[in-house]
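Below: one structure, written as structure tokens.
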There are 2 protein chains.
Amino acid sequence: MALNHAIMTALLDDRLSGYELTKSFDTSLGFFWKASHQQIYKALRDLEKQGLLESEDVPQAGKPDKVIYGLTAAGREALEQWVLGDSRVTESKDDMFVKFYNLSPNNAPHLLQELVERREQDGMRLALYQRIKERHYTEPGALPVRKRGIYLALLAGIRHCETRLAWAREAEALLQGVMAEAVSAANS
Amino acid sequence: MALNHAIMTALLDDRLSGYELTKSFDTSLGFFWKASHQQIYKALRDLEKQGLLESEDVPQAGKPDKVIYGLTAAGREALEQWVLGDSRVTESKDDMFVKFYNLSPNNAPHLLQELVERREQDGMRLALYQRIKERHYTEPGALPVRKRGIYLALLAGIRHCETRLAWAREAEALLQGVMAEAVSAANS
DNA sequence: GAGGCATATGCAAAGAGTTGCATAATCTAA
DNA sequence: TTAGATTATGCAACTCTTTGCATATGCCTC
């Protein structure tokens, strides 16, 4: 299970609470691994039981107390070993592409609308990643080794968003063509 | 659950057996939805129980008999309705990208090897999709409407593969740099 | 001071997907 | 003729993920 390893990866540099991890899974690492807070809290408890994480209660003023977790030596070791093993890919599943196999003049307007929403989401994500890149990764060759790995992951995210945006523009044009044809066919 | 709808989509034009569906989920539709034969056979039985598919036993010579499934009128109707609803995205999960967050001179050779394997897989898939495109989708504007939707999905697959291949080349160069540095550091 | 929001954590059930195993017919090649 | 590949279907256990619900603190605003 890589959720555990994704969590440990997020804890490489920082000691974080479940809540903070949940938020970070919504942004940077989240492009490659999504998880709900229920999953994360459970995984944290499991990992602590296995001795790969250690926790500390942190009382807070003005907010509920929290529990922060950090990697143990055993955790770092386990993570290193995991990296050397085979990777598992769970291909993304996206209803929208399946829906395109069902394209008709009837559903084209709906698909166009979904496409516009996607484009907005991808655009925001791309902007976020580009901000991060410009702020922290302008000179990848000068970065410490591990940061260069993160840079590559970030770059993959950026390229992916760009590709989807370009595709969406083409798809929108084609859908508009389908709709225009349907209108002129109805008028003749 | 969109697996059901992906199966129904695959049955829009053809009546197929579970075995044939399993294979088709390995290729064209499979870029957007992966499923094991166990999942598919179960889904087929469920969909038939719901009256969305109908089945027919087909005795075969030289091979075991098979059961082929086709959409019922209710199935076509349900599929059309599904297309008009909201789409769900399950972002892809890929160990390899998480591993890049753990990059070190120690694991760089392993990641390089995984990268090469990926590049080969993506290359083969890209070649497959390009063959399909050239054979059936050379003039998208001239295609019937639904085929144009399939063309767009295919195009998304092609673009995606191309992007990953380009990224993999960059990533390989960077990893080789990391490894070269490690060697020269050890020699000094 | 009541309602809404952000912080912070958790349980339980249901749904989706993976993994391992099992069966059986037929064809092909050693 | 026996071993392995291909076609064809299925069960059961397990893991992973989603969804719905629950609780509690403390802030800010109306």
Side-chain angles (χ1 to χ4, degrees), chain A residues 1-7 15-27 29-30 32-50 53 55-69 82 85-95 98, chain B residues 1-8 15-27 29-30 32-50 53 55-69 82 86-95 98:
Chain A
M1 187 196 9
L3 169 58
N4 285 354
H5 299 102
I7 288 175
R15 298 167 62 78
L16 299 171
S17 70
Y19 192 78
E20 289 158 347
L21 276 164
T22 302
K23 280 188 301 179
S24 94
F25 268 73
D26 280 343
T27 56
L29 237 185
F32 310 107
W33 212 274
K34 283 266 191 298
S36 64
H37 73 98
Q38 291 93 334
Q39 269 182 288
I40 289 170
Y41 285 115
K42 179 164 191 319
L44 287 170
R45 292 190 297 267
D46 292 349
L47 286 166
E48 189 178 20
K49 244 177 241 161
Q50 290 171 48
L53 298 183
S55 71
E56 184 190 342
D57 287 25
V58 178
Q60 295 190 111
K63 294 183 216 172
D65 299 347
K66 66 180 177 181
V67 185
I68 62 170
Y69 291 85
W82 171 75
D86 286 342
S87 290
R88 247 181 59 179
V89 195
T90 307
E91 224 70 46
S92 79
K93 297 185 170 180
D94 192 335
D95 283 12
V98 178
Chain B
M1 185 198 8
L3 170 59
N4 285 355
H5 298 102
I7 288 175
M8 287 195 277
R15 298 167 61 80
L16 298 171
S17 69
Y19 191 79
E20 289 158 346
L21 276 164
T22 302
K23 279 188 301 181
S24 93
F25 269 72
D26 281 341
T27 56
L29 238 185
F32 309 107
W33 213 275
K34 283 266 190 299
S36 64
H37 73 97
Q38 291 93 334
Q39 271 181 288
I40 289 170
Y41 284 115
K42 179 165 190 320
L44 287 169
R45 292 189 297 269
D46 292 350
L47 286 166
E48 189 177 21
K49 246 178 241 162
Q50 289 171 48
L53 298 182
S55 70
E56 184 190 344
D57 288 24
V58 178
Q60 294 188 111
K63 293 183 218 176
D65 299 348
K66 67 181 176 180
V67 184
I68 62 171
Y69 291 85
W82 171 75
D86 286 342
S87 289
R88 250 181 55 178
V89 195
T90 307
E91 225 71 46
S92 79
K93 297 186 171 181
D94 192 334
D95 284 10
V98 178

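All heavy atoms count here, side chains included; hydrogens, waters and symmetry mates do not. Here is the naming used below: chain letters follow the sequence lines, and residue numbers restart at 1 for every chain. Bear in mind that the values here come from a model prediction, so they are computed numbers and not experimental data.
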### Message
For chain B and DNA chain C, what are the first and last nucleotides along the strand, 5' to 3', with at least one atom under 4.0 angstrom from a heavy atom of the protein chain?
### Response
C:dA16 to C:dC27

### Length of the CD-P vector between B:E48 and D:dT9, whole Å
12 Å

### Query
Mapping B:I68 and A:Q38 to their closest nucleotides on DNA chain D, which lands nearer the 5' end?
B:I68

### Query
Rounded to the Å, how far apart are B:M1 CE and D:dT17 C1'?
14 Å

### Message
Side-chain N or O of A:R88 versus OP1/OP2 of D:dC16: is the shortest distance under 4.0 Å?
### Response
no

### Query
Within the structure shown, what part of the strands sits under 4.0 Å from B:S17 by heavy-atom distance: base, sugar-phosphate, or nothing?
sugar-phosphate

### Query
Below 4.0 angstrom from OP1 or OP2 of D:dT18, is there any side-chain N or O of A:Q39?
yes

### Check: B:S36 main-chain N/O paired with B:Y41 side-chain donor or acceptor under 3.5 Å
no

### Task
Using atom CG of B:L21 as one end and atom C1' of D:dA8 as the other, report the distance to the nearest whole Å.
13 Å

### DNA chain D contacts made by residues 56-64 of chain B, counting heavy atoms under 4.0 Å
B:Q60, B:K63, B:P64

### Summary
Separation of D:dT18 atom C1' from A:L3 atom CG, nearest Å, is 13 Å

## Note on the structure
Nearest-nucleotide check on DNA chain D, B:R45 vs A:A35; residue mapping nearer the 5' end is B:R45

### Query
Among all residues two or more places apart in sequence or in another chain, which pass the side chain to side chain donor-acceptor pair (under 3.5 Å) test with B:T90?
none

